[in-house]
K.L.:
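Sharing a structure below in structure tokens format, with a few things to ask.
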Amino acid sequence: MIKTNQTTMVYENLKERIEQGYYSPAESLPEIDLANEYNVSRNTIKKALLMLENDAFVTIEQNKGAKVRSYSKVEVLEFLELREELEGFIVRLAVPCFDAKAVKKLEELTAEMAAHKAASNLMAYSACNLKFHDVIYGICPNRTAIDVTVRLKNQMRKYNSKTILIPGRDEKSYQEHCAILEAIKQKDAAKAEQYMHQHIRNVRNTFDEFYSLLF
């Protein structure tokens with residue numbers, strides 16, 4: 001039981017580090033270094049790395065060890081194309097289920113986003129952005145769609161977060177979220193889906209256009 005808990009602990013910690021960009025794409029994860037850092041056996045590290053490989057966070061090559069999984073520009077663009085469809089579907093299903101409390105939460109997050117934008121605090125803005133989408137995920141009744149989307153987003157988080165660094169993108173992002181919120185308040189599922197499609201498409205276009213500056 002202790003070993004199982006250790007493996008889970010290492011897995012969760014490494015996963016969080018990868019999602020937050022602590023490790024760079026394609027960075028090596030030497031077993032012996034990790035074993036020393038976490039004060040566990042190499043076997044425990046091997047098991048944790050296999051779990052991460054199964055969840056597409058790392059790649060493991062024979063005689064070369066584990067590396068943080070990296071994605072090409074084409075792969076990220078394909079992910080964003082898929083995410084556009086998923087997020088539109090999710091918000092369309094969520095709109096009829098929104099109550100006053102959930103709408104108020106989106107309003108509060110949008111106000112926080114405006115404040116962070118005005119202060120040029122882009123990291124805080126991005127955090128609110130994530131929470132905005134999380135509220136919609138929490139309302140949507142199709143949990144399979146949510147699970148797939150969140151898993152993909154977690155794998156691509158390092159790439160997703162960088163588009164906000166492009167000058168002017170914060171203002172456009174803010175306006176896009178305001179449009180989505182207004183459609184939700186009006187109980188207009190079709191409009192919410194349309195605005196969400198446009199929002200993710202703009203993220204994709206920004207990534208495509210400014211890839212050389214971001215990476």
K.L.:
Output, in order, the C-alpha distance, side-chain angles, deciding distance and verdict of side-chain contact (heavy atoms from CB on, under 4.5 Å) for Glu108 and Lys104.
P.N.:
CA-CA 6 Å; Glu108 292 171 349; Lys104 183 179 179 181; 3.3 Å; yes
K.L.:
Got Thr163 and Phe210 here, is their nearest side-chain heavy-atom distance under 4.5 Å?
P.N.:
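Not touching, per the 4.5 Å side-chain cut-off.
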K.L.:
List the steps, then state whether side-chain contact (heavy atoms from CB on, under 4.5 Å) holds for Asn142 with Ile90.
P.N.:
CA-CA 7 Å; Asn142 190 316; Ile90 288 167; over 6 Å; no
K.L.:
If you round to the nearest 0.5 Å, how far is OG1 of Thr8 from CE of Met51?
P.N.:
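Answer for the CE-OG1 pair, Met51 versus Thr8, is 5.0 Å.
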K.L.:
Would you mind listing every salt bridge (Lys or Arg N to Asp or Glu O under 4.0 Å) that reaches into residues 194-213, with sequence neighbours excluded?
P.N.:
Lys73-Asp208, Glu84-Arg201
K.L.:
Could you state whether Tyr22 and Leu29 fall into the same hydrophobic cluster, counting links through intermediate Ile, Leu, Val, Met, Phe, Trp or Tyr residues with side-chain heavy atoms under 4.5 angstrom apart?
P.N.:
yes
K.L.:
Around atom NZ of Lys67, are there more than 12 heavy atoms of other residues, nucleotides or ligands at under 6.0 Å?
P.N.:
no
K.L.:
Would His177 and Met113 count as a side-chain contact (heavy atoms from CB on, under 4.5 Å) if you check the C-alpha gap in whole Å, the side-chain angles of each, and the deciding distance to 0.1 Å?
P.N.:
CA-CA 9 Å; His177 284 86; Met113 291 165 75; 3.7 Å; yes
K.L.:
Heavy-atom distance under 4.5 Å between the side chains of Tyr38 and Met9, does that happen here?
P.N.:
yes
K.L.:
If you measure from CD1 on Ile45 to CG on Leu50, what distance do you get to the nearest 0.5 Å?
P.N.:
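Answer rounded to 0.5 Å: 11.5 Å.
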K.L.:
Would you call Glu107 and Lys185 a salt bridge, using N to O less than 4.0 angstrom?
P.N.:
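Result for this pair is yes, salt bridge flagged.
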K.L.:
More than 12 heavy atoms of other residues, nucleotides or ligands under 6.0 Å from NZ of Lys105: is that the case?
P.N.:
no
K.L.:
For Gly88 versus Glu193, what's the shortest heavy-atom pair and its separation?
P.N.:
O-CG, 3.4 Å
K.L.:
Step by step, would you call Asn202 with Gln198 a side-chain contact (heavy atoms from CB on, under 4.5 Å)?
P.N.:
CA-CA 6 Å; Asn202 287 342; Gln198 189 60 56; 2.9 Å; yes
K.L.:
Please find the pair of heavy atoms, one from Ala192 and one from Ala183, that lie closest to each other, and give the distance.
P.N.:
N-CB, 3.5 Å
K.L.:
Has Ser24 got a side-chain atom pairing as donor or acceptor with Glu27's backbone, closer than 3.5 angstrom?
P.N.:
no
K.L.:
Judged by modelled atom types alone, do Tyr125 and Ser173 share a side-chain donor-acceptor pair under 3.5 Å?
P.N.:
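Looking only at side-chain atoms, Ser173 and Tyr125 do form a donor-acceptor pair, the distance falling under 3.5 Å.
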K.L.:
Would you name the heavy atoms of Leu49 and Val58 that are closest together and state the gap between them?
P.N.:
O-CG2, 3.5 Å
K.L.:
So if you build clusters from Ile, Leu, Val, Met, Phe, Trp, Tyr with side-chain heavy-atom gaps below 4.5 Å, do Ile146 and Leu130 land together?
P.N.:
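Per the 4.5 Å side-chain linkage, Ile146 and Leu130 are not co-clustered.
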K.L.:
Using a 4.5 Å cut-off on heavy atoms from C-beta on, say whether the side chain of His197 contacts that of Phe89.
P.N.:
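Counting from C-beta outward, Phe89 and His197 never come under 4.5 Å.
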K.L.:
Taking only residues two or more places apart in sequence, or in another chain, which ones meet His116 in a side-chain hydrogen bond (donor to acceptor under 3.5 Å, both in side chains)?
P.N.:
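side-chain hydrogen bond (donor to acceptor under 3.5 Å, both in side chains) list for His116, sorted by chain: empty.
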K.L.:
Count the heavy atoms belonging to other residues, nucleotides or ligands that lie under 6.0 Å from CG of Asn39, then report whether that count exceeds 12.
P.N.:
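No, the 6.0 Å shell around CG holds no more than 12 heavy atoms from other groups.
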K.L.:
Consider only side-chain heavy atoms of I, L, V, M, F, W and Y, link residues closer than 4.5 Å, and tell whether Val135 and Leu86 are in one cluster.
P.N.:
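No, Val135 and Leu86 fall in different hydrophobic clusters.
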K.L.:
Do side-chain atoms of Lys187 reach the backbone of Phe98 as a donor and acceptor pair under 3.5 angstrom?
P.N.:
yes
K.L.:
Mind checking the CZ-CG spacing from Arg83 to Leu152? Nearest 0.5 Å is all I need.
P.N.:
10.0 Å
K.L.:
Within this structure, what is the OH-OG distance for the pair Tyr211 and Ser72, rounded to the nearest 0.5 Å?
P.N.:
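So the gap between those two atoms works out to 7.0 Å.
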K.L.:
Are Leu82 and Met156 connected, step by step, through hydrophobic side chains (Ile, Leu, Val, Met, Phe, Trp, Tyr) whose heavy atoms are closer than 4.5 Å?
P.N.:
yes
K.L.:
For a quick test of reading the model, state the closest non-hydrogen atom pair linking Glu31 to Arg42 and the distance between them.
P.N.:
OE1-NH2, 3.2 Å
K.L.:
Measure the OH-CZ distance between Tyr23 and Phe57 for me, rounded to the nearest 0.5 Å.
P.N.:
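Answer for the OH-CZ pair, Tyr23 versus Phe57, is 14.0 Å.
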K.L.:
Once rounded to the nearest 0.5 Å, what's the spacing between atom CE of Met123 and atom CG of Leu165?
P.N.:
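Those atoms lie 8.0 Å apart.
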K.L.:
Check whether Leu109 and Val95 end up in the same hydrophobic cluster, where Ile, Leu, Val, Met, Phe, Trp and Tyr are linked by side-chain heavy atoms less than 4.5 Å apart.
P.N.:
yes
K.L.:
State whether Lys172 and Glu176 are salt-bridged, where the test is any N-O pair (Lys NZ or Arg NE/NH1/NH2 against Asp/Glu carboxylate O) under 4.0 Å.
P.N.:
no
K.L.:
Should Phe132 and Cys128 count as side-chain neighbours, where that means a heavy-atom distance under 4.5 Å?
P.N.:
no
K.L.:
Is the shortest side-chain heavy-atom distance between Arg151 and Asp55 below 4.5 Å?
P.N.:
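Yes; the side chains approach each other to less than 4.5 Å.
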K.L.:
Can you tell whether the side chains of Glu53 and Lys46 come within less than 4.0 Å, N to carboxylate O?
P.N.:
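Salt bridge: no.
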K.L.:
What is the ring orientation for His133 with His199, classed by angle as parallel under 30°, tilted 30 to 60°, or perpendicular over 60°?
P.N.:
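The rings of His133 and His199 lie parallel, inter-plane angle below 30°.
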K.L.:
Looking only at heavy atoms, what is the nearest atom pair of Thr110 and Leu181, with distance?
P.N.:
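Minimum heavy-atom separation between Thr110 and Leu181: OG1-CD2, 3.6 Å.
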K.L.:
Work out which heavy atom in Ala56 is nearest to a heavy atom in Tyr71; give both atom names and the distance.
P.N.:
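What the structure gives for the nearest pair is O-OH, 3.3 Å.
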